[in-house]
J.: 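Got a structure here, written out as C-alpha cells. Questions coming.
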2 protein chains.
Amino acid sequence: MKRLTLKDVARMAGVAPSTVSFVLNGKAKQMRIRDEVAQKIMSVVNQSGYEPHRVAVNLRTGQSKTLGLIVESISGSFFASLARTIETEAERLGYNVVYCSTENNAEKGGELIRMLGRQMVDGYLITPAPGMENEIRRLLQMHKPVVLMDSYFPGIKAPYVLIDNFHGVQLGMDHLFERGYRKIGYVTVDVSLIQLAERQRSYTQALKKKDIPFRKKRVLELNYHDSREQNLATLEAFIQENRDMDAIFFATNYLGILGLEAMGRLKISMPKQMAAICFDDHDIFRLYPPGITVIEQPIEGIAAKAISLLMKQLDKQSGPIKESQVALPGRLIVRSST
Amino acid sequence: MKRLTLKDVARMAGVAPSTVSFVLNGKAKQMRIRDEVAQKIMSVVNQSGYEPHRVAVNLRTGQSKTLGLIVESISGSFFASLARTIETEAERLGYNVVYCSTENNAEKGGELIRMLGRQMVDGYLITPAPGMENEIRRLLQMHKPVVLMDSYFPGIKAPYVLIDNFHGVQLGMDHLFERGYRKIGYVTVDVSLIQLAERQRSYTQALKKKDIPFRKKRVLELNYHDSREQNLATLEAFIQENRDMDAIFFATNYLGILGLEAMGRLKISMPKQMAAICFDDHDIFRLYPPGITVIEQPIEGIAAKAISLLMKQLDKQSGPIKESQVALPGRLIVRSST
DNA sequence: AATACTTACAAAATCGATTTAGCACAGGTG
DNA sequence: CACCTGTGCTAAATCGATTTTGTAAGTATT
C-alpha cells in the first residue's frame with residue numbers, strides 16, 4: 001500500500017540504491033554498470049511501476065522542474081491563450097507550471113514572486129505590472145531565470161518577448177487611412193507600461209506621416225483607478241465632445257469593450273457614424289455585431305518564444321545572461337467596424 | 001549569498017536545530033522550551049528573515065500544502081471566477097494551487113491526475129469531464145481528499161458542490177412564462193454530464209406543470225464533437241424550422257453564444273421576434289445588445305464551499321469520508337433578451 | 001542518601017532521492 | 001612480487017527540514 005521507493009527497487013533487483021539511481025538517470029555507462037545489471041534494474045522498475053518521488057528529487061537536486069507564470073489577471077483572455085501554450089510546451093519539456101495573478105496589484109506581485117521563490121520554481125515567466133520593477137531586479141540579481149512577456153521595464157535588462165506595438169498600431173492606422181478615415185481619436189489609460197507608451201507614440205507618428213495635425217482633444221486617457229462606471233461616463237463624454245470623429249483607436253481590449261458599451265449607449269452605429277479598431281483581440285470583438293476590427297497579438301508565438309528563452313537560461317545556468325529582446329509582429333484582423 | 005537554513009539559525013541562536021524547529025512550529029510549550037530561549041530564537045529568525053525550505057518540509061512531513069485544481073478549460077469564464085476565489089481562499093489557509101485543464105480530453109484528464117499525484121498535491125478540486133470516472137474512483141480508493149465541482153458522477157460517492165440545476169432552469173422557465181412566452185425551444189449538447197440531464201429534466205418538467213405539451217421538435221441536441229461551424233449551421237437550421245418559437249433556452253453559455261451568432265446571422269431581433277435565455281452567465285451576455293437574460297451560477301459560493309469541504313477532509317484524514325453533496329441556488333439576471 | 005521524576009534541551013534518525021568517495025578484484029607492468 | 005590501473009559496483013554523505021529518543025542537571029520522594 002505504501003509508496004515504492006528507490007530502496008525497494010534496489011532490494012528487488014538485488015543491487016544498491018545508488019546503482020538504481022545511476023541507471024535511471026542515464027549514467028549507467030558513465031558509472032560502468034554492466035548492461036546485464038542495467039537491464040535487470042529496468043525490468044524491475046517497469047514491472048513495479050516505480051516512479052521517483054518528485055519532492056525528494058527536488059530537495060536533493062535543487063531543481064523543482066516547475067515554472068512560475070505570473071500574469072495580471074487570470075481571467076483575461078490574454079492569459080487564457082498564453083497559459084495553454086505555455087503549459088503544453090512546458091509539459092513537453094518535463095516542467096510543470098504554477099500560475100499566479102497579481103490582480104493588478106503591485107504589492108501582491110511582489111509577494112507572489114516571493115511565494116514562488118519559497119515554492120522553489122526554477123524559472124519565471126512574468127507579464128510585468130507597474131511596481132514590480134524591484135522584485136524583478138532582485139530575481140535578476142539572484143540569477144534566477146526570468147523572461148518577461150507583453151511588456152518590460154526600460155531600465156531593467158531582462159529578456160522579454162512582446163508584440164511589436166509600434167508596428168501593430170501602424171498596421172491599424174494604415175488600415176484606417178486606407179478606408180478613408182482621417183479624424184481618428186485615440187483612447188488609452190494612464191498605466192505606466194511601456195507598451196501603452198509605444199502604442200501612443202505610433203499613433204501620433206502615423207498622423208504625422210500623413211500630415212494630419214495631432215489634436216490633443218482627440219486623445220483620451222482614462223484613469224486606471226477609476227471605477228468601470230466612472231470610466232464609461234468619461235468615455236461617453238469624450239465621444240460626445242468629438243462627434244466629428246470618424247474613427248476611434250482603442251489601445252487595449254479592455255478599453256475597446258468599454259468603447260463598445262459607450263457607443264451602444266449613445267446609439268452610435270458602427271461603422272456608419274464612427275469606426276472602431278482595437279489593439280488586442282477578444283471573443284467579444286468577434287461576436288459583437290458588426291464585429292470589431294482588431295490588431296491580434298501573436299500570443300502563441302509569444303508564449304513559445306518565451307519558453308524557449310527561459311529554457312536557454314535554464315540549460316546553461318552558468319552561461320552569460322543572454323540579453324534577448326524579441327518583438328513579434330501582430331496581425332490585423334479586419335471586421336466590419338471599419 | 002546562500003540560503004539560510006534551520007541549522008544556521010540554530011548556530012546563530014546557540015541552540016540545536018531541533019529546538020528551533022520546535023519553537024517555529026508552536027511546540028515550544030509542549031517541548032518545554034523556556035520562554036527566554038524561545039524569544040531568542042524568534043528574534044534571530046525575524047532578524048535573519050529565515051524561511052523554512054518548503055521542499056524539505058514537504059519531504060519530511062509528506063504534506064505539500066498544494067491543491068490541484070482540474071478544470072475543463074482554463075480559458076473558460078467559469079474557470080476564471082473559480083480560480084480567483086479558490087486561490088485566495090487557499091492562500092489564506094496556507095495552500096498553493098496548481099491548475100490544470102483537461103481541454104475536454106478524458107485521456108488527458110487521467111494523465112493530469114496522475115501528474116498531480118506525482119507532484120504530491122494534498123487534495124483535488126475537479127470539474128469532472130466524461131471519462132474521468134475511473135481516475136476519480138482511484139483517488140477515492142487511495143483516500144485522497146477530493147471535491148467535485150459543477151458536476152458529478154451518479155455512481156461515485158464523492159463530495160461535490162454545484163448549482164441547483166433543476167431549480168435554476170425552473171427560475172428561467174418561470175420567468176419566461178411570466179413574460180408570456182409559451183413556445184419555448186431548448187438547445188443542449190450531447191455530453192453525458194449530469195448537470196445537462198438535470199437541466200433538460202427541469203425544462204420538460206416546467207412545461208408539464210404549465211400544461212404545455214412537450215414537442216420534440218423544439219429541442220435541439222448539438223453534437224459536442226462537431227466543429228463550431230457545423231454546430232452553428234445546425235442551430236441556424238433548427239431556428240429556421242421553428243420560426244414560430246417565441247423563446248429559446250440555451251443550456252450552457254457556449255450554446256448561448258452560438259445562439260447569439262446564429263440569431264445575428266438570421267437577423268432575428270431579440271426579444272421582438274424571439275427571446276433568449278441562457279444557463280450560466282458570460283461577459284458577452286452583459287455586453288451584447290440587448291443583453292441576454294441568464295441564470296447566473298454562484299461561482300464564488302461553489303468555490304468557497306468546495307474548499308471548505310476539501311479542508312474538512314484534509315484536517316481529519318482519518319475521519320470518515322463525509323458524504324457531502326451540496327447544491328447551491330442560482331440567480332436569475334433579467335436583461336433585455338426576454 | 002539513593003532513587004525517581006521533571007525540566008530543558010541536544011543528538012540522531014528519518015523522509016527519498018543523488019552523488020561523491022571508496023573498496024574489492026582482475027589484469028598489466030617493471 | 002610489489003605497484004598501478006581499470007572495472008563494477010557499494011557505502012556513506014548530502015539536501016533541509018521534523019520527530020523520536022537520549023541525557024545532564026535539578027528537584028522531589030522515600
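Each chain gets a letter, A, B and so on, in the order the sequences are listed, and its residues count up from 1. Side-chain atoms are counted along with the backbone in the values below, which use heavy atoms only and exclude waters and symmetry mates.
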J.: Once you round to the nearest 0.5 Å, how far does CG of L148(A) lie from CD1 of I156(A)?
T.: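 Result: 7.5 Å between the selected atoms.
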
J.: In this structure, how many angstroms lie between the P atom of dG16(D) and the CG atom of L24(B), rounded?
T.: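 So the CG-P distance, L24(B) to dG16(D), works out to 16 Å.
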
J.: Starting from C1' on dG16(D), measure out to CZ on R11(B) and report it in whole angstrom.
T.: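 From R11(B) CZ to dG16(D) C1': 13 Å.
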
J.: Going by distance alone, is a donor N or O of one side chain under 3.5 Å from an acceptor N or O of the other, for T127(B) and E72(B)?
T.: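 No - no donor-acceptor pair under 3.5 Å links their side chains.
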
J.: Could you give me the CA-CA distance, side-chain angles and deciding distance for L125(B) and L310(B), then say whether side-chain contact (heavy atoms from CB on, under 4.5 Å) is met?
T.: CA-CA 8 Å; L125(B) 293 161; L310(B) 196 62; 3.8 Å; yes

J.: Across the strands shown, which category fits T5(B) at heavy-atom distances under 4.0 angstrom: base, sugar-phosphate, nothing?
T.: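 Answer is sugar-phosphate: T5(B) comes under 4.0 Å of backbone atoms only.
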
J.: Could you give the distance from OG (S308(A)) to CG (L93(A)), rounded to the nearest 0.5 Å?
T.: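 Rounded to the nearest 0.5 Å, the OG-CG separation comes to 9.5 Å.
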
J.: Can you check whether I163(A) reaches L328(A) side chain to side chain, under 4.5 Å on heavy atoms?
T.: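 SC-SC contact between I163(A) and L328(A) ruled out.
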
J.: Could you state the atom-to-atom distance from NZ of K27(A) to C1' of dT7(D) in whole Å?
T.: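 Between C1' of dT7(D) and NZ of K27(A): 19 Å.
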
J.: State, to the nearest 10°, the angle formed by the axis through the first five base pairs of the helix from dA1(C)-dT30(D) to dG30(C)-dC1(D) and the axis through its last five.
T.: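 What I find for the helix from dA1(C)-dT30(D) to dG30(C)-dC1(D) is an axis angle of 80°.
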
J.: Under a 3.5 Å threshold, yes or no: a donor from one side chain and an acceptor from the other, between T5(A) and D8(A)?
T.: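 The answer is yes; a qualifying pair exists.
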
J.: Return the value, rounded to whole Å, for the distance between atom NZ of K65(B) and atom C1' of dA17(D).
T.: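 Rounded to whole Å, this separation is 15 Å.
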
J.: Hey, are the side chains of R54(B) and V57(B) touching, using non-hydrogen atoms and a 4.5 Å cut-off?
T.: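 No - every pair of side-chain heavy atoms lies 4.5 Å or more apart.
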
J.: To the nearest Å, how far apart are E51(A) CD and dA17(C) P?
T.: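 In whole Å, dA17(C) P lies 11 Å from E51(A) CD.
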
J.: Does N58(B) make a side-chain N or O approach to OP1 or OP2 of dA17(D) shorter than 4.0 Å?
T.: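 For dA17(D), OP1/OP2 do not have a side-chain N/O of N58(B) under 4.0 Å.
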
J.: Show me the protein contacts with nucleotides 7-15 of chain C, counting only N or O atoms at under 3.5 Å.
T.:
residue, atom, partner, partner atom, Å
dT7(C), OP2, R32(B), NH1, 3.3
dC9(C), OP1, R34(B), NE, 2.2
dC9(C), OP1, R34(B), NH2, 2.2
dC9(C), OP2, R34(B), N, 2.8
dA10(C), OP2, A16(B), N, 2.7
dA10(C), OP2, T19(B), OG1, 2.6
dA11(C), N6, S18(B), OG, 3.1
dT14(C), O2, R60(B), NE, 3.4
dT14(C), O2, R60(B), NH1, 2.5

J.: With the criterion being N/O to N/O and under 3.5 Å, what pairs connect the protein with nucleotides 23-27 of chain C, and how long is each?
T.:
none

J.: Run V161(A) and L309(A) through side-chain contact (heavy atoms from CB on, under 4.5 Å) and show every step you take.
T.: CA-CA 9 Å; V161(A) 186; L309(A) 285 182; 3.6 Å; yes

J.: Between NZ of K312(A) and CD1 of I307(A), what distance do you get to the nearest 0.5 Å?
T.: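 CD1 of I307(A) is found 13.0 Å from NZ of K312(A).
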
J.: State, to 0.1 Å, how close M149(A) and P128(A) come at their nearest heavy-atom pair, and which atoms those are.
T.: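 In terms of heavy atoms, the two residues are closest at O-CD, 3.3 Å.
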
J.: Grab the CG-P distance between N25(A) and dT20(C) for me, whole Å please.
T.: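 Those two atoms, CG and P, are 12 Å apart.
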
J.: How long is the line joining CG of L6(A) and P of dT18(C), in whole Å?
T.: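 My rounded result for the distance is 6 Å.
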
J.: Does T88(B) reach the main-chain N or O of R84(B) with its side chain, forming a donor-acceptor pair under 3.5 Å?
T.: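 Yes, T88(B) side chain to R84(B) backbone: donor-acceptor pair under 3.5 Å.
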
J.: Whole Å only: how far is the NZ atom of K40(A) from the P atom of dC9(D)?
T.: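 In whole Å, dC9(D) P and K40(A) NZ are 14 Å from each other.
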
